[in-house]
Enquirer: 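The structure that follows is given in the form of structure tokens.
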Amino acid sequence: MMDDRSSKLILVPILAVLFVMIGYQYICPAGSNSYLEDDSPPKLSSKFNFTERDLDRHVEFNIKGDDVIVFLHIQKTGGTTFGRHLVRNIRLEQPCDCKPGQKKCTCHRPGKEESWLFSRFSTGWSCGLHADWTELTNCVPVIMDKKEARRNKRNFYYITMLRDPVSRYLSEWKHVQRGATWKTALHMCDGRSPTQDELPTCYSGDDWSGVTLTEFMNCPSNLANNRQVRMLADLSLVGCYNLSSMNESQRDHILLSSAMSNLKNMAFYGLTEFQRKTQYLFERTFSLRFIAAFTQINSTRAANVDLSENVRKRIEELNFLDMQLYEYAKDLFLQRFQFTRQREHQEVRLKRREEKRWLREQRDQTMSHILTGFSF
């Protein structure tokens, strides 16, 4: 018969194993994403034939090396909010230095006076106000070389935000109606800005404040029309802003195809209508984590505009390229989210299997010690 001391020696490892098992099962669940709206997204069908390479957007972003995130900021897509997240809400070894009262933050690599982020809130409008894909891809490498002494070969990771075209269009109208302009935008393409004939202004005077929606829609040179496609396409392919270089149908086809291709090949893009999913995919793409969860805001000025069916249809017609781009972008975005979540679930299951295997081994070893103790 064992004495009390022997019984305690046997009981201790048994309790230890039980404690470890409980801890793993209940205290440390793997892969928690409590800010997501849905834990297991339903299987989504796709209209487009996306490959696994299209869906898997993880990049080995080296913030200490020569990698740079370039934010292409399309007007009225929630880009200001997302841009602030990039400089104020990412958990970094060396956070961006954002001083009160200053619009720009200093976002340096750890231990270096080099910027890892090219955006409105870090480097300012260095390539022009709301520079598009055509401008940024030509301008960013040059600007980075001028700002920094070293001319290393950098990896540029382009990101952007998109929005439902009708909501975005209405938001831009409301913005312009209040007196906002983008007159200082350069619209550089093939080394020059467009002429007045190529890009006529929609208003006389300093701004277009007080413009009605009908007036806004009736200006044929209004850059609000199909803005997202124009901002994402390679405009050099269609002769920039020279509309006489090819027929309208050919031009539209090239612009849409280019915008879709550039968007698909970007390191990341988010959708204004899916803030939490946008946060999740950005975090998984760059292996960076935000401090606070993104907030979904649907009560915008655009949402409060009461539209007749005819006016809505007219806006969709004016933005028919953006409508097609957004359908494509939303499909790809949700497919990427589903793909990433499924992969994460697989990794969690694999981790749990490994944990169970480890627990079995610990249990077997403990029982072996106990049996050895009994035979002793």
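Position 1 is the first residue of the sequence, and the numbers go up from there.
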Enquirer: Please name the residue in the list Ile254, Leu237, Asp252 that meets the side-chain contact (heavy atoms from CB on, under 4.5 Å) test with Met246.
Expert: Ile254

Enquirer: Looking just at side-chain N and O atoms, do Ser258 and Ser261 make a donor-acceptor pair shorter than 3.5 Å?
Expert: no

Enquirer: Looking at Tyr241, I'd like to know if the NZ or CZ of Arg192 sits under 6.0 Å from its six-membered ring centre while staying within 45 degrees of the ring's axis.
Expert: no

Enquirer: To the nearest 0.5 Å, tell me how far Arg230 CZ sits from Thr134 OG1.
Expert: 8.5 Å

Enquirer: Any ring pair (Phe, Tyr, Trp, His ring centres under 6.0 Å) involving residues 92-128? Give me the pairs, sequence neighbours left out, ordered by first then second residue.
Expert: His73-Trp125, Trp125-His130

Enquirer: Examine Met188 and Leu199 and state if one hydrophobic cluster contains both, with Ile, Leu, Val, Met, Phe, Trp and Tyr joined whenever side-chain heavy atoms are less than 4.5 Å apart.
Expert: no

Enquirer: Given the rule in the side-chain hydrogen bond (donor to acceptor under 3.5 Å, both in side chains) test, do Glu283 and Gln279 qualify, once you have shown the distances and angles that lead to the verdict?
Expert: CA-CA 6 Å; Glu283 290 180 336; Gln279 174 181 356; 3.3 Å; yes

Enquirer: Using the side chain to side chain contact (heavy atoms under 4.5 Å, CB included) rule, take Val211 and Val176 through it: C-alpha gap first, then chi angles, then the decisive distance, then the call.
Expert: CA-CA 8 Å; Val211 61; Val176 170; 4.1 Å; yes

Enquirer: Determine, for Arg312 against Glu309, whether the closest basic-nitrogen to carboxylate-oxygen distance falls under 4.0 angstrom.
Expert: no

Enquirer: Only one of Arg178, Glu172, Gln177 forms a side-chain hydrogen bond (donor to acceptor under 3.5 Å, both in side chains) with His175, so which one is it?
Expert: Arg178

Enquirer: Answer yes or no: are there more than 12 heavy-atom neighbours, outside His253 itself, under 6.0 Å from its atom NE2?
Expert: no

Enquirer: Taking atom CD as the centre, does Glu361 end up with more than 12 heavy-atom neighbours from other residues, nucleotides or ligands that are less than 6.0 angstrom away?
Expert: yes

Enquirer: Could you give me the CA-CA distance, side-chain angles and deciding distance for Met266 and Ile159, then say whether side chain to side chain contact (heavy atoms under 4.5 Å, CB included) is met?
Expert: CA-CA 6 Å; Met266 277 185 171; Ile159 65 173; 5.9 Å; no

Enquirer: Mind checking the CG-OG1 spacing from Leu162 to Thr272? Nearest 0.5 Å is all I need.
Expert: 7.5 Å

Enquirer: To the nearest 0.5 Å, what is the distance between OG1 (Thr160) and CZ (Phe71)?
Expert: 5.5 Å

Enquirer: For a side-chain hydrogen bond (donor to acceptor under 3.5 Å, both in side chains) check, start with the C-alpha distance between Asn155 and Asp67, then their side-chain angles and the critical distance, and finish with the verdict.
Expert: CA-CA 5 Å; Asn155 298 312; Asp67 294 351; 2.8 Å; yes

Enquirer: Do any N or O atoms from the side chain of Asp164 and from the backbone of Ser167 form a donor-acceptor pair under 3.5 angstrom?
Expert: yes

Enquirer: Can you check whether Met161 reaches Thr278 side chain to side chain, under 4.5 Å on heavy atoms?
Expert: yes

Enquirer: If you measure from CG on Leu281 to CZ on Arg341, what distance do you get to the nearest 0.5 Å?
Expert: 10.0 Å

Enquirer: Verify side chain to side chain contact (heavy atoms under 4.5 Å, CB included) between Ser236 and Cys189, making sure each step is shown before the conclusion.
Expert: CA-CA 7 Å; Ser236 298; Cys189 180; 4.0 Å; yes

Enquirer: Evaluate the ring pair (Phe, Tyr, Trp, His ring centres under 6.0 Å) criterion for residues Tyr169 and Phe216: first the C-alpha distance (whole Å), next the side-chain angles of each, then the deciding distance (0.1 Å), finally the verdict.
Expert: CA-CA 10 Å; Tyr169 189 82; Phe216 193 74; 5.2 Å; yes

Enquirer: Between Asp54 and Thr51, does a side-chain hydrogen bond (donor to acceptor under 3.5 Å, both in side chains) hold up when you go through it step by step?
Expert: CA-CA 5 Å; Asp54 297 333; Thr51 65; 3.2 Å; yes

Enquirer: Could you tell me the separation between the CG atom of Leu256 and the CG atom of Leu232, rounded to the nearest 0.5 Å?
Expert: 10.5 Å

Enquirer: Test of understanding: clusters of I, L, V, M, F, W, Y form through side-chain heavy atoms closer than 4.5 Å, transitively. Do Trp182 and Leu223 belong to the same one?
Expert: no

Enquirer: Would a 4.5 Å heavy-atom cut-off, applied to side chains only, mark Leu271 and Thr77 as touching?
Expert: no

Enquirer: Any Lys/Arg nitrogen of Glu273 or Lys330 sitting under 4.0 Å from an Asp/Glu carboxylate oxygen of the other?
Expert: no

Enquirer: Are the gamma sulfurs of Cys105 and Cys96 separated by less than 2.5 Å?
Expert: no

Enquirer: Do you know the tightest heavy-atom contact between Asp234 and Asn262?
Expert: N-ND2, 3.7 Å

Enquirer: I would like to know whether Glu93 and Arg109 meet salt bridge (charged side-chain N to carboxylate O under 4.0 Å, His left out); could you show each step before the answer?
Expert: CA-CA 9 Å; Glu93 177 184 331; Arg109 308 183 192 280; over 6 Å; no

Enquirer: Asp206 and Thr181: which non-hydrogen atoms are nearest, and at how many Å?
Expert: O-CG2, 3.8 Å

Enquirer: Centre of Trp173's six-membered ring, under 6.0 Å away, within 45 degrees of the axis: is that where NZ or CZ of Arg227 sits?
Expert: no

Enquirer: Transitively linked via ILVMFWY side-chain contacts under 4.5 Å: Trp133 with Leu129?
Expert: no

Enquirer: Tell me yes or no: between the side chains of Thr285 and Arg336, is some donor less than 3.5 Å from an acceptor?
Expert: no

Enquirer: Check the side chains of Asn242 and Ser244 for a donor-acceptor pair under 3.5 angstrom, ignoring hydrogens and angles.
Expert: yes

Enquirer: Cys127 pairs by side-chain contact (heavy atoms from CB on, under 4.5 Å) with which of Val140, Val142, Asp132?
Expert: Val140

Enquirer: Answer yes or no: is there a donor N or O on one side and an acceptor on the other, between the side chain of Asp322 and the main chain of Gln228, under 3.5 Å?
Expert: yes

Enquirer: Considering residues, nucleotides and ligands other than Glu113, do more than 12 of their heavy atoms fall under 6.0 Å from its CD?
Expert: no

Enquirer: Students often mix this up, so state it plainly: with edges at 30° and 60°, are the rings of Phe286 and Phe268 parallel, tilted or perpendicular?
Expert: perpendicular

Enquirer: Taking 4.0 angstrom as the limit, do Lys64 and Glu114 come out as a salt bridge?
Expert: no

Enquirer: According to a hydrophobic-cluster definition based on side-chain heavy atoms being under 4.5 Å apart (Ile, Leu, Val, Met, Phe, Trp, Tyr only), do Phe48 and Leu334 belong together?
Expert: yes

Enquirer: Would Ile63 and Phe61 count as a side chain to side chain contact (heavy atoms under 4.5 Å, CB included) here? Give the steps.
Expert: CA-CA 6 Å; Ile63 197 170; Phe61 181 69; 3.8 Å; yes

Enquirer: Can you tell me how far apart CG (Leu117) and CD1 (Ile69) are? Round to the nearest 0.5 Å.
Expert: 6.5 Å

Enquirer: Under 3.5 Å, side chain of Asp331 to main-chain N/O of Lys47, donor-acceptor pair present?
Expert: yes

Enquirer: Linking I/L/V/M/F/W/Y whenever any side-chain heavy atoms sit under 4.5 Å apart, do Ile74 and Leu318 land together?
Expert: no

Enquirer: Take Arg276 and Thr295 through the side-chain hydrogen bond (donor to acceptor under 3.5 Å, both in side chains) test and state the conclusion after the steps.
Expert: CA-CA 7 Å; Arg276 301 295 176 85; Thr295 303; 5.1 Å; no

Enquirer: Please determine if Asp207 and Lys183 form a salt bridge, counting it only when a charged side-chain N lies under 4.0 Å from a carboxylate O.
Expert: no

Enquirer: Between Lys99 and Lys104, is there a side-chain heavy-atom distance shorter than 4.5 Å?
Expert: no

Enquirer: Please work out whether the ring planes of Phe282 and Phe82 are parallel, tilted or perpendicular, with thresholds of 30° and 60°.
Expert: perpendicular

